[in-house]
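Data first, discussion second: the structure below is written as structure tokens.
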Amino acid sequence: MASNEKEKKEEIADDIFETVDKIIPGFGSFFKKGEKSEKFGDRMRKIREEINKRFGGMR
């Protein structure tokens with residue numbers, strides 16, 4: 001049950017990134033590449049967690 005909730009929250013962040021990607025082309029792929037980066041990965045993951053935390057219940 002907890003894993004389903006976690007996946008659902010990740011979907012919300014992914015949905016938001018897809019929406020932003022429609023406005024700013026390439027943003028979604030840029031963000032995914034940034035999450036894999038050694039230098040900026042931690043900060044990008046924190047941004048994803050914060051989006052999930054703030055918008056998780058608004059779906």
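Keep in mind that this is a model prediction, so the values were computed, not measured. Computed over heavy atoms, backbone and side chain alike; hydrogens, waters and symmetry mates excluded. If you read the sequence from its start, that first residue is 1, and numbering goes on from there.
For the atom pair CD1 of I47 and CD of E35, the computed distance is 9.0 Å after rounding to the nearest 0.5 Å. In this structure, the separation between CZ on F27 and CD1 on I16 is 10.5 Å, given to the nearest 0.5 Å. With rounding to the nearest 0.5 angstrom, the CD1 atom of I12 is 11.0 Å from the CD1 atom of I51. S37 OG to F30 CZ: the interatomic distance, rounded to the nearest 0.5 Å, is 9.0 Å. F40 contributes atom CZ, which lies 12.5 Å from atom CZ of F31 (distance to the nearest 0.5 angstrom).
The pair K46-E50 does not count as a salt bridge, with every side-chain nitrogen at least 4.0 angstrom from each carboxylate oxygen. Between K32 and D21 there is no salt bridge, since no side-chain nitrogen of the basic residue lies less than 4.0 Å from a carboxylate oxygen of the acidic one.
Smallest separation of non-hydrogen atoms from A13 and R48: CB-NH1, 3.7 Å.
Qualifying side-chain hydrogen bond (donor to acceptor under 3.5 Å, both in side chains) partners for D42, counting only residues two or more places apart in sequence or in other chains: R45. E49 meets the side-chain hydrogen bond (donor to acceptor under 3.5 Å, both in side chains) test with no other residue; sequence neighbours excluded.
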